[in-house]
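Down below is the structure, laid out as C-alpha coordinates.
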Amino acid sequence: MTGPVPGEHERQSVSRPFLAALHPTTDVTPEPATSDEPDAVRPYFVTQGRVHDDLSGFETVYSLTPGGAAGLDQLSFEHRDIAALCRQPQSVVEISALLKLPLGVTTVLTRDLATQGYLTASQPVADPASDPSLIMRLINAVHAL
Amino acid sequence: MLSTHSEQPVSAPAPVPVKIIVAGGFGVGKTTLVGAVSEIPPLTTEAAMTTLGAGIDNPGEVTTKTTTTVAMDFGRITVDESLRLYIFGTPGQDRFGFMWNELTTGALGAIVLVDSRRIEDSFPALDFFENRDLPFVVAVNQFSGHLPHDLGDVRAALDVDPYVPVIATDARDRGAVKETLLVLLDVVLQRAMARAGAR
(Lines give C-alpha, C1' and ligand atoms only; values in the text may rest on other atoms or scores of the structure.)
Protein backbone atom coordinates (compact mmCIF):
# COMPACT_ATOMS: atom_id res chain seq x y z
CA MET A 1 0.00 0.00 0.00
CA THR A 2 2.53 2.58 -1.07
CA GLY A 3 0.77 4.19 -4.02
CA PRO A 4 1.54 7.77 -4.79
CA VAL A 5 -0.48 10.35 -2.94
CA PRO A 6 -2.22 13.15 -4.83
CA GLY A 7 -0.01 16.15 -4.62
CA GLU A 8 3.18 14.17 -5.02
CA HIS A 9 2.88 14.54 -8.74
CA GLU A 10 1.78 17.36 -10.95
CA ARG A 11 -1.97 17.83 -10.81
CA GLN A 12 -2.39 18.21 -14.56
CA SER A 13 -1.32 14.62 -15.08
CA VAL A 14 -1.25 12.90 -18.42
CA SER A 15 -3.93 10.44 -17.27
CA ARG A 16 -6.73 12.99 -17.72
CA PRO A 17 -6.13 14.33 -21.22
CA PHE A 18 -9.50 16.05 -21.45
CA LEU A 19 -8.81 18.22 -18.47
CA ALA A 20 -6.92 21.03 -20.12
CA ALA A 21 -9.16 21.12 -23.16
CA LEU A 22 -12.41 21.30 -21.23
CA HIS A 23 -11.28 23.70 -18.56
CA PRO A 24 -8.44 25.93 -19.68
CA THR A 25 -8.56 27.92 -16.47
CA THR A 26 -8.71 26.23 -13.08
CA ASP A 27 -10.32 28.24 -10.35
CA VAL A 28 -9.85 26.38 -7.10
CA THR A 29 -11.89 27.75 -4.24
CA PRO A 30 -10.18 27.07 -0.93
CA GLU A 31 -12.14 25.31 1.79
CA PRO A 32 -13.30 28.08 4.16
CA ALA A 33 -11.99 28.04 7.70
CA THR A 34 -14.61 26.99 10.20
CA SER A 35 -15.62 29.58 12.75
CA ASP A 36 -15.70 27.38 15.85
CA GLU A 37 -12.29 25.77 15.80
CA PRO A 38 -11.33 23.90 18.94
CA ASP A 39 -9.13 25.62 21.46
CA ALA A 40 -5.66 25.10 20.08
CA VAL A 41 -3.82 25.07 23.41
CA ARG A 42 -5.86 23.29 26.05
CA PRO A 43 -6.25 19.86 24.37
CA TYR A 44 -2.52 19.47 23.85
CA PHE A 45 -1.96 20.32 27.50
CA VAL A 46 -4.21 17.41 28.48
CA THR A 47 -2.22 15.00 26.32
CA GLN A 48 1.02 16.42 27.74
CA GLY A 49 2.00 17.42 24.26
CA ARG A 50 1.47 14.01 22.71
CA VAL A 51 -0.25 13.97 19.34
CA HIS A 52 -0.69 11.20 16.85
CA ASP A 53 0.42 11.97 13.33
CA ASP A 54 -0.97 8.59 12.38
CA LEU A 55 -4.73 8.98 12.66
CA SER A 56 -5.61 5.63 11.12
CA GLY A 57 -8.34 3.75 12.92
CA PHE A 58 -10.26 6.93 13.71
CA GLU A 59 -13.49 4.98 13.20
CA THR A 60 -12.55 2.62 16.06
CA VAL A 61 -15.55 2.37 18.40
CA TYR A 62 -14.96 2.69 22.15
CA SER A 63 -17.35 1.80 24.95
CA LEU A 64 -17.23 2.20 28.71
CA THR A 65 -16.34 -0.91 30.74
CA PRO A 66 -18.15 -1.73 34.03
CA GLY A 67 -14.88 -0.97 35.80
CA GLY A 68 -14.69 2.30 33.91
CA ALA A 69 -18.24 3.19 34.91
CA ALA A 70 -17.42 2.46 38.55
CA GLY A 71 -14.19 4.46 38.38
CA LEU A 72 -15.51 7.45 36.48
CA ASP A 73 -15.05 9.73 39.51
CA GLN A 74 -11.31 9.09 39.43
CA LEU A 75 -11.11 10.82 36.05
CA SER A 76 -11.13 14.53 35.36
CA PHE A 77 -11.64 16.95 32.53
CA GLU A 78 -11.38 15.56 28.99
CA HIS A 79 -10.68 12.00 30.14
CA ARG A 80 -13.91 12.00 32.13
CA ASP A 81 -15.92 13.65 29.34
CA ILE A 82 -14.76 10.99 26.90
CA ALA A 83 -15.40 8.07 29.25
CA ALA A 84 -18.88 9.38 30.11
CA LEU A 85 -19.71 9.83 26.41
CA CYS A 86 -18.75 6.21 25.77
CA ARG A 87 -21.64 4.86 27.88
CA GLN A 88 -23.05 4.63 24.38
CA PRO A 89 -20.46 3.18 21.97
CA GLN A 90 -18.76 6.03 20.10
CA SER A 91 -16.10 6.18 17.41
CA VAL A 92 -13.02 8.36 17.82
CA VAL A 93 -14.35 10.77 15.18
CA GLU A 94 -17.70 11.08 16.96
CA ILE A 95 -15.97 11.80 20.27
CA SER A 96 -13.78 14.36 18.51
CA ALA A 97 -16.77 16.06 16.90
CA LEU A 98 -19.07 16.00 19.93
CA LEU A 99 -16.45 17.23 22.43
CA LYS A 100 -14.79 19.57 19.90
CA LEU A 101 -11.37 18.01 20.43
CA PRO A 102 -8.86 17.69 17.58
CA LEU A 103 -8.72 14.19 16.15
CA GLY A 104 -5.07 13.63 17.10
CA VAL A 105 -5.77 14.55 20.72
CA THR A 106 -8.86 12.34 20.86
CA THR A 107 -6.84 9.44 19.44
CA VAL A 108 -4.27 9.78 22.24
CA LEU A 109 -6.84 10.11 25.03
CA THR A 110 -9.04 7.20 23.95
CA ARG A 111 -5.98 4.93 23.69
CA ASP A 112 -4.92 6.04 27.17
CA LEU A 113 -8.35 5.22 28.58
CA ALA A 114 -8.38 1.82 26.89
CA THR A 115 -4.91 1.01 28.26
CA GLN A 116 -6.12 1.94 31.73
CA GLY A 117 -9.18 -0.29 31.41
CA TYR A 118 -11.85 2.41 31.33
CA LEU A 119 -12.78 1.80 27.72
CA THR A 120 -12.81 -1.21 25.46
CA ALA A 121 -11.98 -0.79 21.78
CA SER A 122 -13.83 -2.30 18.84
CA GLN A 123 -11.32 -2.16 15.99
CA PRO A 124 -12.35 -1.68 12.35
CA VAL A 125 -12.86 -4.79 10.24
CA ALA A 126 -9.41 -5.57 8.85
CA ASP A 127 -10.35 -6.38 5.25
CA PRO A 128 -14.11 -5.79 4.87
CA ALA A 129 -13.95 -5.74 1.07
CA SER A 130 -13.11 -9.45 0.93
CA ASP A 131 -16.07 -10.60 3.06
CA PRO A 132 -19.18 -11.17 0.90
CA SER A 133 -21.45 -11.94 3.87
CA LEU A 134 -20.51 -8.68 5.57
CA ILE A 135 -21.18 -6.79 2.34
CA MET A 136 -24.59 -8.49 2.06
CA ARG A 137 -25.46 -7.30 5.58
CA LEU A 138 -24.62 -3.75 4.48
CA ILE A 139 -26.71 -4.09 1.31
CA ASN A 140 -29.71 -5.30 3.31
CA ALA A 141 -29.31 -2.47 5.80
CA VAL A 142 -29.16 0.18 3.05
CA HIS A 143 -32.21 -1.38 1.35
CA ALA A 144 -34.09 -1.13 4.64
CA LEU A 145 -33.33 2.59 5.14
CA MET B 1 -4.81 2.10 36.08
CA LEU B 2 -8.10 0.76 37.30
CA SER B 3 -8.02 -1.80 40.09
CA THR B 4 -11.09 -3.59 38.77
CA HIS B 5 -10.15 -5.82 35.93
CA SER B 6 -13.32 -6.25 33.93
CA GLU B 7 -12.79 -5.62 30.24
CA GLN B 8 -16.44 -6.21 29.41
CA PRO B 9 -18.41 -3.23 28.13
CA VAL B 10 -21.32 -1.91 30.17
CA SER B 11 -23.99 -2.93 27.69
CA ALA B 12 -23.75 -5.08 24.57
CA PRO B 13 -20.35 -5.41 22.88
CA ALA B 14 -19.49 -2.33 20.84
CA PRO B 15 -20.32 -2.60 17.14
CA VAL B 16 -17.48 -3.12 14.70
CA PRO B 17 -17.05 -0.16 12.31
CA VAL B 18 -16.71 -0.23 8.53
CA LYS B 19 -16.45 2.87 6.36
CA ILE B 20 -17.23 4.29 2.94
CA ILE B 21 -15.60 7.44 1.60
CA VAL B 22 -17.39 10.26 -0.24
CA ALA B 23 -14.87 12.39 -2.13
CA GLY B 24 -15.27 15.39 -4.37
CA GLY B 25 -14.53 19.06 -4.78
CA PHE B 26 -15.62 21.82 -2.44
CA GLY B 27 -19.33 22.57 -2.62
CA VAL B 28 -20.23 19.49 -4.67
CA GLY B 29 -22.68 18.25 -2.03
CA LYS B 30 -20.72 15.70 0.04
CA THR B 31 -22.19 16.73 3.38
CA THR B 32 -25.69 16.85 1.90
CA LEU B 33 -25.25 13.33 0.56
CA VAL B 34 -24.01 12.05 3.93
CA GLY B 35 -26.95 13.72 5.68
CA ALA B 36 -29.48 12.16 3.30
CA VAL B 37 -28.85 8.64 4.65
CA SER B 38 -27.19 9.17 8.05
CA GLU B 39 -29.13 8.31 11.22
CA ILE B 40 -27.43 11.23 12.97
CA PRO B 41 -27.08 14.80 11.68
CA PRO B 42 -23.69 14.99 9.92
CA LEU B 43 -20.89 15.73 12.36
CA THR B 44 -17.61 17.52 11.67
CA THR B 45 -14.25 16.61 13.12
CA GLU B 46 -11.07 18.55 12.71
CA ALA B 47 -7.54 17.28 12.62
CA ALA B 48 -4.64 19.66 13.06
CA MET B 49 -1.98 18.28 10.76
CA THR B 50 1.66 19.23 10.63
CA THR B 51 2.83 19.05 7.08
CA LEU B 52 5.92 19.95 5.13
CA GLY B 53 5.47 23.23 3.35
CA ALA B 54 7.74 25.10 0.98
CA GLY B 55 10.99 23.63 -0.24
CA ILE B 56 9.64 20.45 -1.80
CA ASP B 57 9.98 21.80 -5.30
CA ASN B 58 13.11 23.77 -4.48
CA PRO B 59 15.46 21.48 -2.57
CA GLY B 60 17.89 24.29 -1.97
CA GLU B 61 15.43 26.17 0.20
CA VAL B 62 14.87 25.60 3.88
CA THR B 63 11.89 23.29 4.42
CA THR B 64 9.24 24.81 6.65
CA LYS B 65 6.58 23.05 8.66
CA THR B 66 3.04 24.37 8.59
CA THR B 67 -0.05 23.30 10.45
CA THR B 68 -3.22 22.77 8.47
CA THR B 69 -6.65 22.01 9.80
CA VAL B 70 -8.52 19.30 7.96
CA ALA B 71 -12.29 19.22 8.38
CA MET B 72 -14.12 15.98 7.73
CA ASP B 73 -17.89 15.50 7.73
CA PHE B 74 -19.39 12.14 8.49
CA GLY B 75 -22.55 10.24 9.32
CA ARG B 76 -23.43 6.71 10.31
CA ILE B 77 -25.85 3.87 9.63
CA THR B 78 -26.44 1.13 12.19
CA VAL B 79 -26.42 -2.17 10.30
CA ASP B 80 -27.16 -4.36 13.32
CA GLU B 81 -25.96 -4.53 16.93
CA SER B 82 -22.53 -5.74 15.87
CA LEU B 83 -21.88 -3.70 12.72
CA ARG B 84 -21.91 0.04 12.05
CA LEU B 85 -21.30 1.83 8.75
CA TYR B 86 -19.61 5.23 8.79
CA ILE B 87 -19.72 7.49 5.74
CA PHE B 88 -16.94 10.06 5.53
CA GLY B 89 -17.04 13.11 3.30
CA THR B 90 -13.56 14.31 2.50
CA PRO B 91 -12.34 17.44 0.75
CA GLY B 92 -10.83 16.56 -2.59
CA GLN B 93 -8.23 19.26 -3.00
CA ASP B 94 -4.62 18.27 -3.34
CA ARG B 95 -3.63 19.89 -0.10
CA PHE B 96 -5.67 17.35 1.82
CA GLY B 97 -3.96 14.42 0.17
CA PHE B 98 -1.95 13.54 3.22
CA MET B 99 -5.14 12.62 5.10
CA TRP B 100 -6.28 10.15 2.45
CA ASN B 101 -4.04 7.32 3.59
CA GLU B 102 -5.81 7.20 6.93
CA LEU B 103 -9.18 7.62 5.24
CA THR B 104 -8.82 4.81 2.78
CA THR B 105 -7.10 2.26 5.02
CA GLY B 106 -9.73 -0.41 5.62
CA ALA B 107 -12.38 1.40 3.55
CA LEU B 108 -14.91 -0.68 1.64
CA GLY B 109 -15.06 1.68 -1.27
CA ALA B 110 -15.71 5.25 -2.33
CA ILE B 111 -18.25 7.47 -4.02
CA VAL B 112 -16.67 10.21 -6.13
CA LEU B 113 -19.26 12.98 -6.23
CA VAL B 114 -18.95 15.12 -9.32
CA ASP B 115 -20.33 18.49 -10.38
CA SER B 116 -20.33 18.09 -14.15
CA ARG B 117 -19.59 21.81 -14.55
CA ARG B 118 -16.35 21.38 -12.58
CA ILE B 119 -15.28 17.83 -13.24
CA GLU B 120 -11.59 18.58 -12.78
CA ASP B 121 -12.26 18.91 -9.02
CA SER B 122 -12.71 15.14 -8.90
CA PHE B 123 -9.43 14.22 -10.61
CA PRO B 124 -7.28 13.99 -7.45
CA ALA B 125 -9.81 11.58 -5.92
CA LEU B 126 -10.03 9.47 -9.09
CA ASP B 127 -6.26 9.25 -9.40
CA PHE B 128 -5.91 8.28 -5.75
CA PHE B 129 -8.58 5.57 -5.72
CA GLU B 130 -7.30 4.10 -8.98
CA ASN B 131 -3.78 3.96 -7.58
CA ARG B 132 -5.05 2.34 -4.39
CA ASP B 133 -7.23 -0.12 -6.32
CA LEU B 134 -10.13 0.93 -4.10
CA PRO B 135 -13.56 0.19 -5.62
CA PHE B 136 -15.45 3.37 -6.45
CA VAL B 137 -18.41 4.73 -8.36
CA VAL B 138 -18.70 8.13 -9.98
CA ALA B 139 -21.94 9.87 -8.97
CA VAL B 140 -22.82 13.03 -10.88
CA ASN B 141 -24.86 15.30 -8.64
CA GLN B 142 -28.03 16.74 -10.20
CA PHE B 143 -28.16 20.33 -9.07
CA SER B 144 -31.67 21.76 -9.46
CA GLY B 145 -32.98 18.38 -10.51
CA HIS B 146 -31.30 17.94 -13.86
CA LEU B 147 -27.93 17.09 -15.33
CA PRO B 148 -26.30 19.85 -17.36
CA HIS B 149 -24.21 17.27 -19.20
CA ASP B 150 -24.79 13.84 -20.68
CA LEU B 151 -23.42 10.97 -18.53
CA GLY B 152 -21.57 9.55 -21.52
CA ASP B 153 -19.78 12.86 -22.03
CA VAL B 154 -18.88 12.97 -18.34
CA ARG B 155 -17.48 9.43 -18.53
CA ALA B 156 -15.42 10.34 -21.58
CA ALA B 157 -14.07 13.45 -19.87
CA LEU B 158 -13.23 11.56 -16.66
CA ASP B 159 -11.49 8.78 -18.60
CA VAL B 160 -12.36 6.11 -15.99
CA ASP B 161 -12.13 2.39 -16.64
CA PRO B 162 -15.16 0.83 -18.40
CA TYR B 163 -16.15 -1.21 -15.32
CA VAL B 164 -16.46 1.89 -13.11
CA PRO B 165 -20.16 2.88 -12.87
CA VAL B 166 -20.90 6.50 -13.80
CA ILE B 167 -24.38 7.32 -12.52
CA ALA B 168 -26.60 10.30 -11.79
CA THR B 169 -27.59 11.02 -8.21
CA ASP B 170 -29.28 13.73 -6.17
CA ALA B 171 -27.40 14.37 -2.93
CA ARG B 172 -30.55 15.80 -1.32
CA ASP B 173 -32.71 12.78 -2.07
CA ARG B 174 -32.60 9.82 0.31
CA GLY B 175 -33.79 7.36 -2.35
CA ALA B 176 -31.19 8.51 -4.87
CA VAL B 177 -28.38 8.33 -2.31
CA LYS B 178 -29.53 4.86 -1.20
CA GLU B 179 -29.36 3.78 -4.85
CA THR B 180 -25.85 5.26 -5.17
CA LEU B 181 -24.70 3.35 -2.09
CA LEU B 182 -26.24 0.15 -3.47
CA VAL B 183 -24.43 0.57 -6.80
CA LEU B 184 -21.15 0.93 -4.91
CA LEU B 185 -21.88 -2.02 -2.61
CA ASP B 186 -22.72 -4.13 -5.66
CA VAL B 187 -19.32 -3.33 -7.19
CA VAL B 188 -17.68 -4.21 -3.86
CA LEU B 189 -19.66 -7.46 -3.61
CA GLN B 190 -18.85 -8.54 -7.19
CA ARG B 191 -15.18 -7.99 -6.50
CA ALA B 192 -15.30 -9.88 -3.19
CA MET B 193 -17.07 -12.82 -4.80
CA ALA B 194 -14.61 -12.88 -7.70
CA ARG B 195 -11.76 -12.96 -5.18
CA ALA B 196 -13.42 -15.70 -3.13
CA GLY B 197 -13.96 -17.75 -6.32
CA ALA B 198 -10.34 -17.32 -7.32
CA ARG B 199 -9.06 -18.78 -4.06
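Below, chains carry the letters A, B, ... as their sequence lines are ordered, and counting in each starts from 1.
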Taking every heavy-atom pair that is under 4.5 Å apart, which of [options] has the most such pairs with chain A?
{"options": "B/Leu83, B/Ile77, B/Leu85", "value": "B/Leu83"}
{"options": "B/Pro17, B/Pro15, B/Ala107", "value": "B/Pro17"}
{"options": "B/Val37, B/Leu182, B/Leu181", "value": "B/Leu182"}

Sort [X] into side chain, backbone, both or neither according to what part of it lies under 4.5 angstrom from a heavy atom of chain B.
{"X": "A/Thr106", "result": "neither"}
{"X": "A/Ala129", "result": "both"}
{"X": "A/Leu98", "result": "side chain"}

Minimum-distance pair of heavy atoms, taken over all atoms of [X] and [Y]:
{"X": "A/Leu109", "Y": "A/His79", "value": "CD2-NE2, 3.5 Å"}
{"X": "B/Ala168", "Y": "B/Gln142", "value": "CB-NE2, 4.0 Å"}
{"X": "A/Gly68", "Y": "A/Leu64", "value": "C-CD1, 3.8 Å"}

task: Could you go through the side-chain hydrogen bond (donor to acceptor under 3.5 Å, both in side chains) check for A/Ser91 and B/Tyr86 one step at a time?
output: CA-CA 9 Å; A/Ser91 60; B/Tyr86 285 97; 3.3 Å; yes

Heavy-atom pairs under 4.5 Å with chain B are the metric here; pick the option from [options] that has the most.
{"options": "A/Val93, A/Leu134, A/Ile95", "result": "A/Val93"}
{"options": "A/Ser96, A/Ala121, A/Ala97", "result": "A/Ala97"}
{"options": "A/Glu94, A/Met136, A/Gln90", "result": "A/Glu94"}

field: Audit row: B/Asp80, A/Arg137, salt bridge (Lys or Arg N to Asp or Glu O under 4.0 Å) steps and yes/no
entry: CA-CA 8 Å; B/Asp80 51 45; A/Arg137 283 161 73 194; 3.0 Å; yes

task: For side-chain contact (heavy atoms from CB on, under 4.5 Å), just list the numbers for B/Val183 and B/Val137, CA-CA rounded to whole Å, side-chain angles, deciding distance to a tenth of an Å, and then say yes or no.
output: CA-CA 7 Å; B/Val183 170; B/Val137 299; 3.8 Å; yes

Please flag which part of [X] lies under 4.5 Å from any non-hydrogen atom of chain A: side chain, backbone, both or neither.
{"X": "B/Val79", "answer": "both"}
{"X": "B/Asp133", "answer": "neither"}
{"X": "B/Thr180", "answer": "neither"}
{"X": "B/Ile40", "answer": "side chain"}
{"X": "B/Leu108", "answer": "both"}
{"X": "B/Lys19", "answer": "side chain"}
{"X": "B/Pro135", "answer": "neither"}

task: For the pair B/Phe136 and B/Phe129, name the ring-plane relationship: parallel under 30°, tilted 30 to 60°, perpendicular over 60°.
output: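 Ring orientation, 0 to 90° scale: tilted.
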
message: The test is side-chain contact (heavy atoms from CB on, under 4.5 Å); show your working for B/Thr31 and B/Thr44 and say whether it passes.
response: CA-CA 10 Å; B/Thr31 308; B/Thr44 303; over 6 Å; no

Aromatic centroids of B/Phe88 and A/Phe58 separated by under 6.0 Å: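 Yes; B/Phe88 has its ring centre under 6.0 Å from that of A/Phe58.
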
message: To the closest 0.5 Å, what do you measure between NZ (B/Lys178) and CG (B/Leu185)?
response: 12.5 Å

